[in-house]
Amino acid sequence: MRLIFQLVSTWILALVPISNGFTSIRAEHFIFHHHHHHHSSVKRLNHSFPLYCKLINEKTPSSMTNRESFPSLSIVGVCGSIGSGKSFACSLLTSKLNDLGLASSEQTLSTSEIPVIAAHHIDTDSLAHGVYEPGSKAITEIGEEFGQHVIADGTVDRKALGDIAFGDKSKMAKLERIVWPHVKDLLLQRIKGIVESTKGEVNNGRSHTIVIVEAAVLLDANWDDNDLFDAIWVVRASSDTSCERLVENRGMKKEDALNRLQAQLDRRGIGNWKEELESGAVTAVIENEGSAAAELWNKVKQCLVDPKCWKDDRCPPELGI
């Protein structure tokens, strides 16, 4: 019961476990697997610049938005369980790419054929908090589904909702069905904002933007249903390694850490990563067992430049890496 209460207390902070991020520096010796799966339905269309500017300025429901809405950038989804090191992998990837971009922007015109890289890290766990802003549509829907007693002062009574949803898989599934589409809407808004902020650079052909989306439940939430992502990578580690990190860096008890890891095995891309890789839903799996950041970056670079780690014809152009 104590463990269940701890899980409820932790998850209810965001109400639905959008992410299971791990931020320790100890993330990082890994190899990666990839499966070159043919995505027959994945075709990137060349939209005109005026059309893509129009798309930015019109709020499009997530169910209507597909990858062709963002032709000017590459979007990478990163999944993984708690303790896998995906948060650090995302942060390292973003910082390294931006360092390269800064160096490229300082080069002479003789190297202008290599674009300047701009990278952005979006943590959907942080985005999820916006779903519960007072007056939001999600709060209205939660009240309609679970009763107005879970709403207090215009926001969600976390304890009341937790008493209903946690421990009951069917109730949790209903809560996730309400929350996840709203999180995707916020994700799309954030991506559109990035496109808007970089459209001048994109138009001069000297910049390529890469958006790294950290989302543990990306596959469960079906956020790639309209082919939003150019690549989906899973960062994973053994239960022993993940448990050790959780104990050493988060101060968790070993039993609690192991139970948390066990509870996540039914999430897509975690317990069934091999099947997701074989089906093509996941384009690369990063085995992350060690602690050397330099090795992590070397392996992530391989994912960046290897077309097999991306959907068909979606690997970014030559980035000078």
Side-chain angles (χ1 to χ4, degrees), residues 5-23 55-66 69-70 75 77-79 82 86-87 90-91 94 120-168 170-198 211-226 228-229 267:
F5 178 77
Q6 289 174 332
L7 291 176
V8 170
S9 298
T10 300
W11 286 346
I12 203 67
L13 182 62
L15 297 180
V16 175
I18 299 298
S19 173
N20 303 300
F22 175 78
T23 57
L55 285 165
I56 296 169
N57 296 316
E58 293 181 357
K59 184 176 185 332
T60 309
S62 58
S63 61
M64 299 292 289
T65 303
N66 59 23
S69 300
F70 308 108
I75 304 176
V78 180
C79 313
I82 187 173
K86 70 180 180 301
S87 293
C90 290
S91 297
T94 304
H120 299 263
H121 176 198
I122 301 176
D123 179 5
T124 55
D125 207 11
S126 298
L127 283 183
H129 293 288
V131 171
Y132 305 102
E133 291 292 328
S136 70
K137 186 177 179 182
I139 289 179
T140 300
E141 294 175 2
I142 289 170
E144 291 173 351
E145 177 65 42
F146 296 100
Q148 293 304 313
H149 67 285
V150 303
I151 309 298
D153 299 323
T155 190
V156 171
D157 182 330
R158 294 173 178 177
K159 183 180 184 306
L161 184 58
D163 289 343
I164 295 173
F166 293 99
D168 185 326
S170 65
K171 295 288 199 310
M172 175 56 75
K174 289 180 180 179
L175 181 59
E176 290 171 342
R177 283 196 295 270
I178 292 172
V179 172
W180 284 345
H182 292 291
V183 178
K184 185 177 181 182
D185 284 340
L186 293 176
L187 172 61
L188 293 172
Q189 290 176 34
R190 180 69 62 84
I191 295 173
K192 289 174 184 177
I194 291 170
V195 174
E196 176 68 28
S197 69
T198 61
V211 178
I212 298 103
V213 179
E214 181 183 346
V217 298
L218 189 160
L219 296 173
D220 287 290
N222 205 26
W223 288 341
D224 197 37
D225 59 342
N226 288 300
L228 176 65
F229 296 89
R267 289 292 185 192

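Computed from a prediction, not measured in an experiment: that's the story for all the values here. Note that these values count all heavy atoms, side chains included, but never hydrogens, waters or copies made by symmetry.
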Report yes if some heavy atom in the side chain of Ile178 is under 4.5 Å from a heavy atom in the side chain of Phe146; otherwise report no.
yes
Worked check of side-chain contact (heavy atoms from CB on, under 4.5 Å) between Ile191 and Ile75
CA-CA 9 Å; Ile191 295 173; Ile75 304 176; 4.0 Å; yes
CG (Leu127) and NE2 (His182) are apart, to the nearest 0.5 Å, by 14.0 Å
Ile142 and Lys174, any side-chain heavy atoms less than 4.5 Å apart:
no
For Phe229, does its backbone N or O pair with a side-chain atom of Asp224 as donor and acceptor, under 3.5 Å?
yes
Minimum side-chain heavy-atom gap Val183-Leu186 below 4.5 Å:
no
Could you state the interatomic distance from CG (Asp123) to CG (Leu187), rounded to the nearest 0.5 Å?
11.0 Å
Validation row: His149, Ile164 side chains within 4.5 angstrom (heavy atoms)
yes
Just checking, is any N or O donor in the side chain of Thr124 or Glu214 under 3.5 Å from an acceptor N or O on the other one?
no
Rounded at 0.5 Å granularity, tell me how far CE in Met172 sits from CG in Leu161.
8.0 Å
Here the pair of heavy atoms bringing Glu133 nearest to Ile139 is O-CD1, 3.2 Å
Which atom names give the shortest non-hydrogen contact between Ala138 and Val131, and what distance separates them?
CB-CG1, 3.3 Å
Judged by atom type as modelled, is there a donor-acceptor pair below 3.5 Å linking the side chain of Asn226 to the main-chain atoms of Leu228?
no
Residue pair Lys137, Asp185: steps toward the salt bridge (charged side-chain N to carboxylate O under 4.0 Å, His left out) verdict:
CA-CA 12 Å; Lys137 186 177 179 182; Asp185 284 340; over 6 Å; no
Got a salt bridge between Arg190 and Glu196, using NZ or NE/NH1/NH2 to carboxylate O under 4.0 Å?
no
Donor-acceptor contact below 3.5 Å, side chain Thr155 vs main chain Pro134
no
Distance, nearest 0.5 Å, that separates SG of Cys90 from CD1 of Ile212:
7.0 Å
Spell out, as yes or no, whether a donor-acceptor pair under 3.5 Å connects the side chain of Lys86 to the backbone of Cys79.
no
Backbone N/O of Trp180 and side chain of Trp223: donor-acceptor pair under 3.5 Å:
yes
Run the side-chain hydrogen bond (donor to acceptor under 3.5 Å, both in side chains) test against His120 and tell me which residues pass, sequence neighbours left out.
none
Let me confirm one number: the CD1-CZ distance from Ile194 to Phe70, rounded to the nearest 0.5 Å.
9.5 Å
To the nearest 0.5 Å, atom NZ of Lys171 lies from atom CG of Asp163 at 12.5 Å
Quick one, Asp157 and Ile151 - any side-chain contact, counting heavy atoms below 4.5 Å?
no
